[in-house]
Every structure is written in structure tokens, then in C-alpha cells.
S.K.: 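The structure under discussion is supplied below as C-alpha cells; questions concerning it will follow.
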Amino acid sequence: MSAHRSLINKLLLACVAMFAFGFALVPLYDVFCDITGINGKTDKVAAAAPDRIDRGREVTVEFLATHDPAVAVNFAPETARLRLNPGDLQTVSFVVENRTGEPIVTTAVPSVSPGEAARHFMKIECFCFQEQPLAPGERKAMPVQFYVDPELPARFKNLTLSYRLYRSVGQSASR
Amino acid sequence: MSDTTHHGPPTGIRRWLFTTNHKDIGTLYLVFSLVMLFVGGAMAMIIRLELFQPGLQFVNPEFFNQMTTLHALVMVFGMIMPAFAGFANWMVPLMIGAPDMALPRLNNFSFWILPFAALMLVSTLFMPGGGPASGWTLYPPLVLQTGDAFPFVIFSVHLLGISSILAAINIIVTIMNMRTPDMPLLKMPLFVWTWLITAYLLILVMPVLAGAVTMLFTDQFFGTSFFQAAGGGDPVLFQHIFWFFGHPEVYIIILPSFGIISQIIPTFSRKPLFGHDSMVYATASIAFLSCIVWAHHMFTVGMPLAGQLYFMLSTMLIAIPTGVKIFNWTATMWRGSLSFETPMLFAIAFLFLFTFGGFSGVMMALTPADIQYHDSYFIVAHFHYVLVPGAMFAAIAGVYYWLPKWTGHMYDERLGKIHFWLSAISVNLTFFPQHFVGLAGMPRRIPDYALQFADLNAFMSIGGFLFGLSQLLFLWGVVRCMRGIGDKATDRVWEGAQGLEWEVPSPAPYHTFDTPPVVK
């Protein structure tokens with residue numbers, strides 16, 4: 001029986017370890033994506049200002065805005081696309097209008113495509129860094145100030161910055 | 001082995017509720033699996049009925065999606081996995097010369113979880129908001145829209161997982177510790193080997209599934225944001241965790257089938273299995289590779305080139321150990337003295353049609369091609385080829401092969417052959433055209449479709465109904481043997497049968513191998 005018991009204990013331990021591993025995949029996933037920069041996530045904190053402008057080439061940046069269909073808002077960029085030099089600081093506004101008839105707090109989740117270029121998309125100021133409260137019927141232009149890192153590999157000529165607007169999580173329970 | 005050392009089993013329902021006998025529990029698993037085959041099959045019939053014509057005739061789209069979801073969950077967790085657990089319970093102790101499973105009470109518990117878990121799963125259909133309609137992959141955010149049934153779905157997946165994990169622990173301990181003394185690991189029959197490896201896979205990945213559905217649960221009810229973008233989570237993360245479980249899961253289903261086929265083909269070829277040891281190594285390689293290829297299920301989420309290449313090439317690598325198996329089975333048959341009883345017919349059909357499904361799998365490993373095939377009927381054709389004429393035919397072959405040993409009565413050979421031919425033909429009528437409609441662009445999991453697919457869908461539905469009805473012949477054949485109708489089976493049953501399970505009388509006595517047998 002002792003041979004049984006020690007094997008059973010090992011196998012049970014393996015089960016518990018694999019259950020924990022399932023949860024460990026959550027931070028591992030973020031760390032992996034952070035190191036390799038492959039899933040289009042941009043930094044959640046402000047980047048430093050650019051130190052130079054690369055006049056030698058131009059990159060096209062397109063802007064997209066979508067929102068959770070469960071939240072009645074209008075949400076769109078003021079500019080559809082820009083051509084700019086890497087290192088050139090630009091500001092683009094996204095306009096949001098609250099049509100829900102009640103005060104809401106929104107969160108915008110950014111994503112850059114192609115994903116591998118996300119680490120070269122530098123945001124100095126962004127409305128996505130904070131939650132945005134909106135009064136009923138309020139219409140607000142929310143700026144994002146950014147530049148494209150001059151270190152961006154030459155194979156990337158078009159970048160897309162997209163935001164998806166949600167109610168912030170603290171509010172979704174009351175939905 | 002005399003009756004003086006053992007009291008008989010209790011009678012009536014108490015025998016089955018309290019049994020710790022591996023043969024009784026094996027029977028319970030197999031009967032449960034047969035019931036679930038018809039439950040899941042009925043859902044498939046509803047799906048094919050609705051798809052018989054374009055437009056909506058019989059069910060609404062919401063219910064249709066609940067059918068596709070529950071059909072898959074019932075067939076995977078309720079039918080095929082318990083079927084193989086039943087085979088393991090019956091055959092592993094008999095094949096390694098052990099008196100019973102190592103942990104008999106745990107064995108009883110891991111079976112009796114199942115009917116309650118399955119009942120809970122199927123009962124979700126009758127709850128407000130209906131059953132889960134997200135597909136068996138339970139992707140968020142879609143699955144979070146499930147109504148009142150959501151926690152019941154999560155808990156039934158937990159219960160089914162616990163049952164499998166406990167069974168896996170039991171099987172590993174039995175195989176590692178209870179073999180008759182002169183059976184070293186590499187002398188074990190291949191069915192035992194495949195189950196040993198499968199059990200390790202179960203322990204490796206079922207807890208990860210439990211973790212994934214637990215995260216869904218806390219996302220829904222406790223305000224966590226594992227998979228909700230609004231709170232900083234990522235729905236793609238769920239797909240990674242799910243398929244980390246999901247891909248090994250497909251091998252959890254197919255490896256025991258490989259084991260059964262590896263027992264049957266040598267018997268009816270009257271030759272030992274060609275390349276026994278290479279079969280063991282191939283099985284282990286497949287199990288290892290299955291754990292590192294998961295993202296080929298999700299090429300379309302957007303992955304960098306390096307990721308696509310890695311998952312494409314490692315997936316294709318699996319074709320090599322699988323090819324070793326296919327060639328070894330073929331070599332076993334080569335110049336064998338073949339006879340074609342029903343188990344052998346199903347085994348040969350397995351060999352052909354599983355290989356077919358394997359080839360469409362290699363096609364889909366190609367990332368650029370997969371992006372076209374993704375979520376089309378092509379993938380439906382692929383996995384049904386590996387699961388129905390693959391895993392399920394292997395289970396049916398195993399039932400015909402060992403039924404005389406279990407019941408002491410031969411099945412009706414003519415009935416078995418009719419069942420085989422109807423099944424083998426209708427399974428192709430059902431699933432072969434799905435390749436074409438898939439390539440032409442018919443998406444999966446929809447109740448309605450473009451008119452150009454109408455003819456082939458009607459054709460597939462007729463094939464599906466025929467396949468479903470054919471399984472009633474199987475039920476009849478099995479019930480006949482269980483009720484003692486049919487010729488008495490000899491101890492060896494098959495002329496070419498080798499192995500310890502054929503040394504005991506037919507039907508196998510309630511207690512066998514009280515003293516370890518000698519392996520010749």
C-alpha cells in the first residue's frame with residue numbers, strides 16, 4: 001500500500017500543480033507578450049518625448065474606434081489617417097458622445113496592428129490612461145498625443161491604432 | 001479463485017451502487033457511454049434535421065447552437081471518454097494479471113460522479129435562457145451570455161474533469177504497481193501502454209481546463225477580468241488556455257483507440273504486432289508533441305510569423321509518429337493470415353478513415369490554408385473523420401472484440417457485419433461531402449445556409465439519419481449478448497488471440513488473478 005500511497009501523492013500533487021499552472025498562464029501570457037511585443041498591446045503609461053525625427057521616411061497611421069454595443073455612445077476619431085515621419089509628435093482626438101441618458105464611466109482599450117509594431121507606438125498622453133466619466137448627453141473630444149518610434153523596423157509602412165470603448169468594469173455589474 | 005475466499009456481489013441496484021469490482025465498474029462505464037451515445041446522437045439528428053433544407057424549419061437558431069454545443073460536450077465527455085474508461089476498467093487488470101484496480105472505492109466514486117454531471121449538463125436545456133450555445137470551446141465573451149445555465153455548465157465540466165482525473169490516477173497506480181511480476185513495462189500489451197500515456201495526459205491537462213472554466217466563472221460572478229478587455233483582460237488568453245487543454249484532449253480520445261486497434265489487428269492477422277516497441281515510443285512522442293502545438297487551433301486570432309511557423313511545423317511533426325503507427329498496423333497485416341470478423345472490419349475501416357482524417361489534419365496545419373478552412377465545414381469533416389470512424393469505430397471494434405469475454409456469448413456475426421457495412425457507408429455519406437461544402441465556404445455552427453449547399457446538405461442529412469439508425473443494430477447486438485442470447489464463447493474466443501485476458505474463462509469470473517499469473 002505504501003507504494004500506492006507515494007505514487008498517488010505524486011499524481012495528486014501533479015494535478016494541483018497543473019491547476020495552478022492554468023492560472024500561472026495568465027501572468028505568463030502578459031509577460032510573454034510584453035517581452036516579445038506580439039499581441040498589439042501598447043504601454044499603459046506615458047512614453048518619453050522623442051529625441052529625433054527621422055525625415056528619411058513616412059509611415060501611415062490609421063485610426064479606428066469601436067465600442068461595446070451594450071453601451072449607447074457615438075465614438076469616432078476626428079482624423080481617419082495621418083502620414084508622418086517617425087519621431088514626429090502628433091495629436092489626434094477621438095470624439096465620444098454619451099447617448100445613454102445617464103452618467104457613465106468608460107474605459108478605452110487600445111490595440112496596434114500589426115501587433116509586432118505596438119512596442120514602437122509611443123503615447124505621451126492618452127485618454128486611455130484613465131477612465132473617462134461622461135455626463136448624460138456629454139460630447140467630448142479626447143486627445144491622444146503620440147509619435148512613432150524612429151527605431152520602427154523599415155518593413156512596417158502602415159500602422160493602425162484602434163480603440164474599443166467599454167463601460168469600466170466597476171459599472172458593468174449595474175448594467 | 002474458489003468461492004470460499006469471496007462472497008458474491010450484492011443483488012439488485014445495491015450491487016451497482018456500491019460495487020468496487022473493476023468488471024462491474026467497467027460495465028457501468030460502458031453502459032453509461034452507450035446511453036450517452038444515443039443522447040448525443042439524438043442531438044446530432046436534430047442538427048441534421050434542421051440542415052436538411054436551407055431556411056429555418058424545425059428549431060430556432062438559439063436552440064440549434066445549444067444542440068451543436070451539447071452534442072459535442074456529451075459526445076466528448078459523456079460518451080467517448082467514459083467508453084475508454086470502461087475498457088480500461090475491464091481490460092487493464094485482466095491484461096496485466098492484476099486482481100482488480102488499485103483503488104477500488106475511488107473507482108466507484110469516479111464512475112458515479114458521471115451520471116450526475118451528465119444530468120446537470122443536459123438539464124441546462126430546460127433552464128431559463130437555455131443551455132450553452134457558444135460551441136464546446138466555451139469562448140468568452142460569447143459564453144458569458146449564457147443564461148441561468150451558466151454556473152451549471154461550469155460545474156458539470158468541473159465534475160466531468162474530476163471524474164477523469166480520479167480515473168486516470170487509478171489507472172496509473174494500477175499499471176505501475178500491480179502488474180504480474182514477470183511483466184516489465186515494455187512487455188505490456190499496447191492497449192495498456194496507450195492508456196498509461198493517456199492517463200498521464202489527463203493529469204497534465206484536465207486541471208488546466210478546470211482552471212480555465214473557473215476563470216470564466218469568476219469573470220461572470222466575482223468581478224474578475226481574466227478575459228474581459230474592459231477590465232484589462234484578454235479573450236485570446238482563454239483560447240490559449242483552452243487549447244492547451246484542448247489539443248492534448250484530442251489525443252486523450254484517440255490514443256486508447258490506437259491501443260484497441262493494436263490488440264485487434266494482430267489477432268485477426270494471426271501475427272504479433274509489428275514493431276511493438278516503436279509503437280510505444282510513437283505513442284509517447286505523440287503525447288509529448290500534443291502538448292506544444294495548441295495554437296494551430298487559433299491561427300486566425302493573429303499571430304506573428306514566427307509563431308505561425310512554429311505551430312505549423314510542430315503540428316506537421318505529429319504526422320511522423322502517427323505515420324509510424326499506420327505503417328506498423330499495415331505491416332502487421334502484410335502476409336498475415338487475415339480473417340474478417342466484425343472487430344477486424346471496424347479496425348480496418350478505422351485504419352483507412354482515421355488516416356483520411358489525419359491527412360485533412362495535415363492540410364489544416366498549413367497556416368495560410370487553415371485561414372480559409374477555419375470555422376468552415378471542412379474542419380467539421382476533419383474532426384468527425386478522426387472522431388467517428390476514428391475513435392468511435394475503435395470503441396465499437398473493441399466492444400465486438402471483447403464482448404464474448406465480458407458476457408460469455410458470441411455476438412451475432414451476421415448482425416455485426418450488417419451493422420459494420422451500414423455504418424461504414426453512411427458515415428462517409430454524412431461526412432465526406434462536408435469537405436466540399438466547407439471548401440466552398442459553408443460555415444460551421446449555423447442553422448441556415450446559402451442555397452448552393454442545399455443538395456449536399458440533404459444528402460448528408462440522409463447519410464446522418466442512416467448512420468444514427470444503424471447504431472440501433474449495435475444496441476440490439478450488445479443487448480442480445482448481455483441477455484445471454486447467442487453461442488457460448490470459448491475461453492480464447494478468437495483463434496489468433498494472445499494475452500492474459502484470454503487465459504481466464506468466458507465470461508470472465510467476478511474475481512480473476514487472485515495469484516499473479518505467469519506470462520508465457
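Chain letters run A, B, ... following the sequence lines, proteins first and then strands; every chain starts at 1.
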S.K.: So which part of B:Leu202 gets closer than 4.5 Å to some heavy atom of chain A, the side chain, the backbone, both or neither?
M.R.: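 For B:Leu202, no heavy atom lies under 4.5 Å from chain A.
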
S.K.: How many angstroms lie between NE2 in B:His511 and CG in B:Asp100, if you round to the nearest 0.5 Å?
M.R.: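 So the gap between those two atoms works out to 8.0 Å.
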
S.K.: With ring centroids as reference points, do B:Phe299 and B:Phe311 lie under 6.0 angstrom apart?
M.R.: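 Ring centres of B:Phe311 and B:Phe299 not closer than 6.0 Å.
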
S.K.: Per the side chain to side chain contact (heavy atoms under 4.5 Å, CB included) rule, which among A:Leu7, A:Asn9, A:Ile8, A:Leu13 passes with A:Leu11?
M.R.: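 Exactly one option meets the side chain to side chain contact (heavy atoms under 4.5 Å, CB included) with A:Leu11, and it is A:Leu7.
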
S.K.: Could you tell me if the side chain of B:Phe84 sits less than 4.5 Å from the side chain of B:Ile252, heavy atoms only?
M.R.: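 A side-chain contact under 4.5 Å is absent here.
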
S.K.: Examine whether an atom of B:Val236 lies under 4.5 Å from a heavy atom of chain A, and if so say whether it belongs to the side chain, the backbone or both; otherwise answer neither.
M.R.: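 Both parts, backbone and side chain.
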
S.K.: Taking side chain as everything from C-beta outward and backbone as N, CA, C, O, which of these in B:Ala212 sits under 4.5 Å from a heavy atom of chain A? Side chain, backbone, both or neither.
M.R.: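 Contact with chain A is absent: no heavy atom of B:Ala212 under 4.5 Å.
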
S.K.: Would A:Phe75 and A:Met142 count as a side-chain contact (heavy atoms from CB on, under 4.5 Å) if you check the C-alpha gap in whole Å, the side-chain angles of each, and the deciding distance to 0.1 Å?
M.R.: CA-CA 10 Å; A:Phe75 182 46; A:Met142 307 187 294; 3.9 Å; yes

S.K.: Is there a side-chain contact between A:Val73 and A:Ile104, using heavy atoms and a 4.5 Å cut-off?
M.R.: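 Yes; the side chains approach each other to less than 4.5 Å.
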
S.K.: So if I take each residue of residues 157-173 of chain B and look for any heavy atom under 4.5 Å from a heavy atom in chain A, which residues do I end up with?
M.R.: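 Checking residues 157-173 of chain B against chain A gives B:Ile165, B:Ile169, B:Ile172, B:Val173.
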
S.K.: Please classify the contact between B:Tyr200 and chain A as side chain, backbone, both or neither, with a heavy-atom cut-off of under 4.5 Å.
M.R.: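 The side chain, not the backbone.
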
S.K.: Please tell me if the side chains of B:Phe217 and B:Phe155 come closer than 4.5 Å, counting only heavy atoms from C-beta onward.
M.R.: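 Yes, at least one pair of side-chain atoms sits under 4.5 Å.
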
S.K.: Could you measure the distance from the CZ atom of A:Phe19 to the CG atom of B:Leu209? Nearest 0.5 Å is fine.
M.R.: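 It is 10.0 Å, given to the nearest 0.5 Å.
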
S.K.: Select, from B:Asp234, B:Val301, B:Val205, B:Ile241, the one with the greatest count of heavy-atom pairs under 4.5 Å involving chain A.
M.R.: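 Option with the greatest count: B:Asp234.
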
S.K.: Considering the options B:Phe245, B:Phe244, B:Phe242, which one meets the side chain to side chain contact (heavy atoms under 4.5 Å, CB included) requirement together with B:Trp294?
M.R.: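 So the option named by the test is B:Phe244.
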
S.K.: I'd like to verify something: which residue of B:Pro304, B:Ser225, B:Gly231 has the highest number of heavy-atom pairs under 4.5 Å with chain A?
M.R.: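 Highest number of heavy-atom pairs under 4.5 Å: B:Pro304.
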
S.K.: If you take all heavy atoms of B:Pro104 and B:Ile25, which pair is closest and at what distance?
M.R.: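 Looking at all heavy atoms of both residues, the shortest contact is O-CD1, 4.1 Å.
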
S.K.: Is it the side chain or the backbone of A:Val109 that comes within 4.5 Å of chain B heavy atoms, both, or neither?
M.R.: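 The side chain, not the backbone.
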
S.K.: Could you have a look at B:Leu237, B:Ile203, B:Val208 and say which one has the most heavy-atom pairs with chain A under 4.5 angstrom?
M.R.: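 Maximum pair count with chain A is reached by B:Leu237.
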
S.K.: Taking side chain as everything from C-beta outward and backbone as N, CA, C, O, which of these in B:Met178 sits under 4.5 Å from a heavy atom of chain A? Side chain, backbone, both or neither.
M.R.: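 Only the side chain of B:Met178 comes within 4.5 Å of chain A.
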
S.K.: Measuring heavy-atom distances to chain B, does A:Phe23 have an atom under 4.5 Å in its side chain, in its backbone, in both, or in neither?
M.R.: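 Contact with chain B is through both the backbone and side chain of A:Phe23.
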
S.K.: When you compare the side chain of B:Leu114 with that of B:Pro82, does any pair of heavy atoms fall below 4.5 Å?
M.R.: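 A side-chain contact exists here, since the closest heavy-atom pair is under 4.5 Å.
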
